[in-house]
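Shown next, in structure tokens, is the structure this report addresses.
Since this is a predicted model, take the numbers as computed values, not measurements.
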Amino acid sequence: MLDEIKLWFLFNRDAILFTIYGGGITLIAWTCGLITRNVVETFVKEDCEC
């Protein structure tokens with residue numbers, strides 16, 4: 001059983017790494033977008049004389 005799991009990971013290593021790296025890049029991009037949106041909203045609220 002353990003040998004089949006090791007073999008599966010060996011054959012699918014590239015797909016697994018691609019998924020992990022893709023998820024990491026997506027998380028970084030989402031975080032940068034959130035920070036940018038918050039910064040822009042802060043500047044807009046400070047400049048607005050509502």
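Applying the side chain to side chain contact (heavy atoms under 4.5 Å, CB included) criterion to Thr31, with sequence neighbours excluded, gives Leu27, Ile35. Considering only residues two or more places apart in sequence or on other chains, Ile28 meets the side chain to side chain contact (heavy atoms under 4.5 Å, CB included) condition with Cys32. Checked against side chain to side chain contact (heavy atoms under 4.5 Å, CB included), Phe11 has the following partners two or more places apart in sequence or in another chain: Leu7. A search for side chain to side chain contact (heavy atoms under 4.5 Å, CB included) contacts involving Leu34 returns Trp30, Arg37, Asn38, not counting sequence neighbours.
By the rule that hydrophobic residues join a cluster once side-chain heavy atoms approach within less than 4.5 Å of another member, Leu2 and Phe9 end up as members of separate clusters.
The hydrophobic side chain of Ile25 is isolated, with no ILVMFWY side chain under 4.5 Å apart from it.
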May I have the list of side-chain donor-acceptor pairs in residues 13-20 shorter than 3.5 Å, sequence neighbours left out?
unit_1	atom_1	unit_2	atom_2	d
Thr19	OG1	Ala15	O	2.8

